[in-house]
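Protein chains get the first letters and strands the later ones, always in sequence-line order, with residue 1 at the start of each.
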2 protein chains.
Amino acid sequence: MAMSLTEESLAEGSLTESKEVPPVSLRHGLLGLLAEGPASGYDLTRRFQETLGPVWPAQHPKIYAELARLTDAGLIEVDSHGPRGRKAYRITDAGTAEVRRWLAEEPVDHTLRIESLLRSVFFWLMSPDELSAHLEREHRFFTETAEVYRRFAMAKDRGDYGTGPQTQSLRVAAEAGIRLFQALSDWAEWARTVSPPTPDSPATPGDRPTDSSG
Amino acid sequence: MAMSLTEESLAEGSLTESKEVPPVSLRHGLLGLLAEGPASGYDLTRRFQETLGPVWPAQHPKIYAELARLTDAGLIEVDSHGPRGRKAYRITDAGTAEVRRWLAEEPVDHTLRIESLLRSVFFWLMSPDELSAHLEREHRFFTETAEVYRRFAMAKDRGDYGTGPQTQSLRVAAEAGIRLFQALSDWAEWARTVSPPTPDSPATPGDRPTDSSG
DNA sequence: AAGGTACATGTCACTTAGTACATGTCCATC
DNA sequence: GATGGACATGTACTAAGTGACATGTACCTT
């Protein structure tokens, strides 16, 4: 084994959290949203797509299925029936207790899965031109996304959404979005300076693994 | 719909990328690693756990299964048989072309799935004490993880791992790790200042949704 | 020679996630 | 009154991820 990012440091370090019990956070995400008040599967689908989409995607089939499971478990119950077969769900006391337990006791699963980072391990396979174009696209995307969160934060700070506790939490979440995507944006820009973008400069030695001089 | 993080901005914005074709990045991750040279399923499992684990987890059952699929597809082939039934795989020309194609042409899946962020949306359900303790744990974890990446980066910059193109790419990936986890570390610390940590101060009004005065 | 550890590969069952398909209602506009 | 769009819920199928189980080898130490 040649070099590896961390060898023993990552493996035995603070990073490997043994998880005996599955995390299944979507379940608790739904419970958490329902803790704000009754909502239908359709409502929850929209909120997951619009509010949580970039950070925790979920499609409606999964959501309807989970709502059924949560109902079976007695953590939520049908609150009301609306116009087009609409069913609004309400969180039960057991459900509220369960979200609280999750938040306070369940260890956080710190697993990330960021394709941009995975790809960066293989940048050496790209031509300088390709890499430069790629990093520019990435930079643009991350900058724009950070901006979206920044706009929400500013609106909230202006008082557009009131000062309720839920809004306050959303503000905290948005702050994470800002910082995260800004960090990625800065990184993409920095990465371009490491591997020179101009095709006339020969770049760092051995930048192209093909056509080796042997 | 009361407030939502972005309403139309996120939904129609630059965030929703329609994906007709499944991304399956593990496949390309394996190809990318094999582009560095022949390796066995066991080797690749170790590299995924040690090097890529925090950013792209993969367990050996999935890896062996993918290696079989990649072999069927002609993107890799068995390079050699070793001591204990060990099979080292080698990337084929078609395989190399496929990683390159993926890197250059395939749109990046920017989906994140960060449980820490999901939880932050529900901070309003936690007592100030619980939240404070939680954020302190989070802060510690993120700081330590950033430190791990920072150490690797420093070792690389000292020249411990040479200056090959693969190492250079790992350095870029590590930089992302540093910035990402540092951003999360800073965020966790900042969040503590928003919701006051001391139980004697009454915190922001309406911090505890239970025992409302009604 | 026995025992332990790291090496090494695989299967099976189950859960989670995601796409495509299917159906039907309410409402506004043409 | 027809058409289309948003509302609303679901099923079926496929793919991806994970924990547990199962098996066996090479090597090192006692």
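- Counting to the nearest Å, the C1' atom of D:dT9 and the CG atom of A:Leu30 are 15 Å from each other.
- When heavy atoms are screened at a 4.0 angstrom cut-off, A:Thr45 is found touching no nucleic acid atom at all.
- For A:Lys62 and D:dA15, the NZ to C1' distance is 14 Å, given to the nearest whole Å.
- Between A:Phe123 and A:His134, the ring planes lie perpendicular to each other; the angle is over 60°, past the 30° to 60° tilted range.
- Nearest nucleotide to the B:Pro83 side chain, out of D:dA26, D:dG17, C:dA17: D:dA26.
- With D:dT9, C:dA17, D:dA26 as the candidates, the nucleotide lying closest to the side chain of A:Leu26 is C:dA17.
- Comparing B:Arg84 and A:Arg69 along DNA chain C, the residue whose closest nucleotide (by nearest heavy atom) sits nearer the 5' end is B:Arg84.
- Side-chain N/O atoms of A:Tyr42 include one lying less than 4.0 angstrom from OP1 or OP2 on D:dC7.
- Per the geometry, OH belonging to A:Tyr64 stands 17 Å off C1' belonging to C:dA17, to the nearest Å.
- Heavy atoms of B:Pro61 sit under 4.0 angstrom from at least one base atom.
- Distance, A:Gln59 CD to C:dG18 P: 4 Å, rounded to whole Å.
- The CZ atom of A:Arg46 sits 9 Å away from the P atom of D:dA6 (whole-angstrom rounding).
- Neither side chain, B:His28 nor B:Glu106, offers a donor N or O lying under 3.5 Å from an acceptor on the other.
- Taking atom CG of residue B:Asp43 and atom C1' of nucleotide C:dA8, one finds them 10 Å apart after rounding to whole Å.
- A:Phe141 and A:Phe181 have perpendicular rings, their planes meeting at more than 60° on a 0 to 90° scale where under 30° would count as parallel.
- With B:Trp102 as the aromatic partner, B:Arg27 does not meet the cation-pi criteria of under 6.0 angstrom to the ring centre and within 45 degrees of the ring axis.
- The side chain of B:His60 lies closest to C:dT9 when the candidates are C:dA20, D:dG19, C:dT9.
- What separates CZ of A:Arg27 from C1' of C:dT15 is a distance of 9 Å, to the nearest Å.
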